[in-house]
There are 2 protein chains.
Amino acid sequence: MEEGTLKSPSNCAGTVGVDYGDTDPFQWDSREDCQVRQILDRVADKWSLLVIALLDNRRLRFTELRREIDGISQRMLTVSLRQLERDGLVKRTVYPVVPPRVEYELTPLGRTLHTTIRSLVTWTEEHQGEIAAARQAYDAAESGRG
Amino acid sequence: MEEGTLKSPSNCAGTVGVDYGDTDPFQWDSREDCQVRQILDRVADKWSLLVIALLDNRRLRFTELRREIDGISQRMLTVSLRQLERDGLVKRTVYPVVPPRVEYELTPLGRTLHTTIRSLVTWTEEHQGEIAAARQAYDAAESGRG
DNA sequence: CTGGATCCGACATGATACTG
DNA sequence: CAGTATCATGTCGGATCCAG
């Protein structure tokens, strides 16, 4: 199983050698625990991001989520949901009926993250134009230089 | 080359089939442009996240960045920086000296993103304990059900 | 020092088939 | 419907060599 055992050992070896002397705005990576690196990676994951974004304050069924996040495979949706559930961000409710009915919703913890993620999404919405422009400019200059 | 051409064609096919009827909190993925999906993936990237986080309001050299983001390979740092530069988030300054000296800093656009990313990092810092606890609980219950 | 190019393995992800 | 298991593979990312 590709559980959340620990895939990247190198993440915790020396983690990040931040050493500002006094002002250390990013002590999180070297001290605290390298956990932050790992959690960031999980939370900033492509699919997790979308799942959390979609579960605003609604309960969605598996298939509903799958339809909304067009392009996600059943497998990845399952895996993502499992991870989010394990991290206490998403609550999974199974109704013992036939056919099966499973609903997903954000936990209180997940809702606090939703806010942050939402702001990331909003940022992207607002600045996609600038980014597109920057890319064009970059690519133009690039092809110009050969 | 693994440029930012377009790796996931499926991303833009139907993108996300959001269809709430009236209240559509996530129109971004289906309308606007699927760009959002792609940009989100880029800015939420593991290394990009850390790079932007580290370039708070300082200029860092290539090697400095590499040292701070312990665990990143030269290749990925280069790739990440190129992408960020192309997206207009990071400014690259080359000093025509020998040995070469290259410094990186956030652009104004990058600085706006920094704020958002910083809040994501902060969230992770603040809630890593809860997540760890949730994982323990989950794993315990899991092994219990065996 | 800063990178570009290449090679290659590992892991993540998709596709498919099967189950309760 | 909601997964699980298995297999195939594409991509990411590390290691290495080379160049300005």
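Letters A, B, ... are given to chains in the order of the sequence lines, protein chains preceding strands, and every chain is numbered from 1. As the structure is a prediction and not an experimental result, all values here were calculated from the model.
- If you take CG of B:D41 and C1' of C:dT13, they are 13 Å apart, rounded to a whole angstrom.
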Contacts table for residues 88-96 of chain B: side-chain donor-acceptor under 3.5 angstrom, sequence neighbours left out:
{"from": "B:R92", "atom 1": "NE", "to": "B:Y104", "atom 2": "OH", "distance (Å)": "3.3"}
{"from": "B:Y95", "atom 1": "OH", "to": "B:R59", "atom 2": "NH2", "distance (Å)": "2.7"}
{"from": "B:Y95", "atom 1": "OH", "to": "B:E103", "atom 2": "OE1", "distance (Å)": "3.4"}

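- With D:dC1, D:dG14, D:dC17 as the choices, the nucleotide that has an atom nearest any side-chain atom of A:P100 turns out to be D:dC1.
- With sequence neighbours left out, the side-chain hydrogen bond (donor to acceptor under 3.5 Å, both in side chains) criterion links B:T112 to A:W123.
- Phosphate contact (OP1/OP2 of D:dA2, side-chain N/O of A:T63, threshold under 4.0 Å): present.
- We find that CZ of A:R92 is positioned 16 Å from P of D:dC1, with the value rounded to whole Å.
- Close to C:dG3, at under 4.0 Å from its OP1 or OP2, lies a side-chain N or O of B:R82.
- Here the side chain of A:T78 is nearest to one of C:dG14, D:dG20, D:dT4, namely D:dT4.
- Taking 4.5 Å as the limit, every side-chain heavy atom of B:L50 sits out of range of all side-chain heavy atoms of B:V121.
- Taking 4.0 angstrom as the limit, A:Y104 places none of its side-chain polar atoms (N or O) nearer than this to OP1 or OP2 of D:dC1.
- Using a 4.0 Å heavy-atom cutoff across all strands shown, B:Y95 reaches no nucleic acid atom at all.
- Among the protein residues, A:R66 comes within range of no part of the nucleic acid, since none of its heavy atoms lies under 4.0 Å from any strand.
- The listed nucleotides are D:dG14, D:dA2, C:dC1; the one nearest the side chain of B:P99 is C:dC1.
- B:L55 has its side chain within reach of B:L65: a pair of non-hydrogen atoms, C-beta onward, lies under 4.5 Å apart.
- Ranking D:dG14, D:dC1, D:dT4 by closeness to the A:Q74 side chain, first place goes to D:dT4.
- Applying the 4.0 Å criterion to OP1 and OP2 of D:dA2, one finds that A:R101 has every side-chain N and O outside that range.
- When rounded to the nearest whole Å, the span between CG of B:L77 and P of D:dC12 equals 17 Å.
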